[in-house]
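Okay, so here's the structure we're looking at.
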Amino acid sequence: MQKQIQTYLNHLAIDEESSENTIAAYRNDLGQLYTYLSNYTDHSGKPVTTWDDVNLAIIQDYVLSLRDRKYASSTVARKVAAVKSFFEYMIKHGDIKKDPTALLASPKVKKHLPHTISYEDVERLLEAPLTQDSPQSKRDSALLETLYATGMRVTELVNLDVTDLDMEKGHITCGASNRRRRVAPLNDRAIEAMMLYMEEGRPGLVVKPDEMALFLNHRGQRLTRQGLWLIIKRYVKEVNIEEPVTPHTLRHSFAAHLLNRGAGLREVQRRLGHASLSTTQVYRQMRTMDSDSDITIDGKPVKK
């Protein structure tokens, strides 16, 4: 049974070009299902030894066990989605005769609006590194400006290489895979911050001359997701922003502010790299805070 799980994970990595985080989540969710099935026996004491032994009643019991463990509804929904996707894959490839999840209803999840911060708070955050003059502060200014100018995901930002940056054209290429890679334009502020980082900041952080990572930590290695989170947390505290701010907050704020300034939904979808327009539509339900601050799209000011 574990062999089929690994085959499916290989399919996600190679055929679907899923991100490492996605594959890790599926590995965890399907591994949890396998552990449950390994210890499962029906009313007659019969164990589950193959995937064909799994039926709807067993899957429903599994879902109930997740709820008994007090998982959040969103977590249960994610695990159910992983299980359904796995069985659909096995049906498609003839590994099982019947899909036990075909009639399984997905748990309803209450959708929460993305958390954003005001234009004023974004401005304070972007200016925070400018009070210092060091390779780290120049890096921090470049990464914060890039996050807000492009709406990149955290993983996309830390996975950037020097070769992804095109200063002459004023854009940067990001994405988890070739199929999902996109070109993100940088505004004038981001370009200026990036130029300063590349000329005066990054050379002071580089340890290995052949290092390809764009954003480096103090050891000259690729900046991690955790490292980025700690950088933002420090500047949020320095400028006394009372609301919770994470790297993803800048992505949400980027999208909400673009819409608030008149950008079309399709444009925001393209900028964020959303596969479905429905994912982007949630930002239309939001009401961003008042501000007279200007925002730029492709380097051009957009008026209310």
Side-chain angles (χ1 to χ4, degrees), residues 110-132 136-158 172 174 184-194 196-197 215 225-274 277-304:
K110 182 179 179 181
K111 292 186 177 180
H112 298 280
L113 293 179
H115 174 67
T116 66
I117 56 177
S118 67
Y119 296 112
E120 291 86 354
D121 282 346
V122 168
E123 187 66 21
R124 290 162 61 200
L125 189 59
L126 296 181
E127 290 183 353
L130 304 180
T131 62
Q132 306 169 42
Q136 287 86 354
S137 64
K138 292 178 174 63
R139 175 204 62 198
D140 297 346
S141 178
L143 68 84
L144 288 175
E145 291 285 0
T146 300
L147 266 180
Y148 184 62
T150 64
M152 282 189 196
R153 300 175 179 88
V154 178
T155 300
E156 292 173 335
L157 186 84
V158 298
I172 196 164
C174 65
L186 299 172
N187 58 28
D188 292 342
R189 284 182 54 163
I191 292 174
E192 183 179 354
M194 189 66 77
L196 189 62
Y197 169 60
F215 292 110
R225 291 167 55 92
Q226 180 67 10
L228 174 59
W229 190 90
L230 291 174
I231 289 170
I232 292 180
K233 183 178 180 181
R234 174 163 60 86
Y235 287 119
V236 167
K237 184 177 182 180
E238 283 186 11
V239 299
N240 296 315
I241 297 177
E242 296 182 356
E243 297 184 66
V245 179
T246 69
H248 222 62
T249 303
L250 286 177
R251 174 174 166 85
H252 292 323
S253 300
F254 161 82
H257 294 172
L258 277 183
L259 283 173
N260 201 46
R261 294 295 193 178
L265 200 61
R266 288 287 183 185
E267 170 71 3
V268 177
Q269 176 195 11
R270 182 179 67 80
R271 291 294 193 89
L272 293 177
H274 285 162
L277 187 64
S278 62
T279 307
T280 315
Q281 287 176 336
V282 67
Y283 294 104
R284 271 193 169 170
Q285 304 173 36
M286 304 174 64
R287 292 291 184 270
T288 55
M289 304 176 185
D290 287 337
S291 173
D292 294 326
S293 303
D294 289 331
I295 192 172
T296 58
I297 299 179
D298 290 339
K300 300 177 182 179
V302 180
K303 304 297 182 182
K304 277 187 177 180

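Side-chain atoms are counted along with the backbone in the values below, which use heavy atoms only and exclude waters and symmetry mates.
Closest of all the heavy-atom pairs between Tyr235 and Ser137 is OH-CA, 4.2 Å. Nearest heavy-atom pair, Thr146 versus Ala142, reported as atom, atom and distance to 0.1 Å: OG1-O, 2.7 Å. Looking at every heavy atom in both residues, Pro244 comes nearest to Thr249 through O-OG1, 4.1 Å. Scanning both residues, His115 and Glu243, for their nearest heavy atoms gives CE1-OE1, 3.0 Å. Closest approach of His257 and Ile117 over heavy atoms only: NE2-O, 3.0 Å. Listed here is the closest heavy atom pair of Val122 and Ser253: CG2-CB, 4.4 Å.
For the atom pair CG of Leu125 and CD1 of Ile241, the computed distance is 5.0 Å after rounding to the nearest 0.5 Å. Taking CZ of Arg225 as the reference point, atom CG of Leu230 lies at 12.5 Å (rounded to 0.5 Å). With values rounded to the nearest 0.5 angstrom, Gln226 atom CD is found 9.5 Å from Leu228 atom CG. Annotation: the span from Gln136 atom CD to Lys138 atom NZ amounts to 10.0 Å, rounded to 0.5 Å. Between atom CG of residue Leu157 and atom CD1 of residue Ile172 there is a gap of 7.5 Å, rounded to the nearest 0.5 Å.
Counting heavy atoms of neighbouring residues, nucleotides and ligands inside a 6.0 Å radius, atom CD of Gln132 exceeds 12 of them.
Residues Asp121 and Val245 are not in side-chain contact: their nearest non-hydrogen atoms beyond the backbone lie 4.5 Å or more apart. Between Thr150 and Phe254, the closest side-chain pair of non-hydrogen atoms is not below 4.5 Å. Pro129 places a side-chain heavy atom less than 4.5 Å from the side chain of Leu144.
Among residues at least two apart or in separate chains, salt bridge (Lys or Arg N to Asp or Glu O under 4.0 Å) pairs with a member in residues 144-155 are Glu145-Arg189, Arg153-Glu156.
Salt-bridge annotation for Arg124 and Glu120: absent, with no side-chain N of the basic residue lying under 4.0 Å from a carboxylate O of the acidic one.
Note on ring orientation: taking the six-membered ring where Trp is involved, the planes of Tyr197 and Phe215 are parallel (angle under 30°, cut-offs 30° and 60°).
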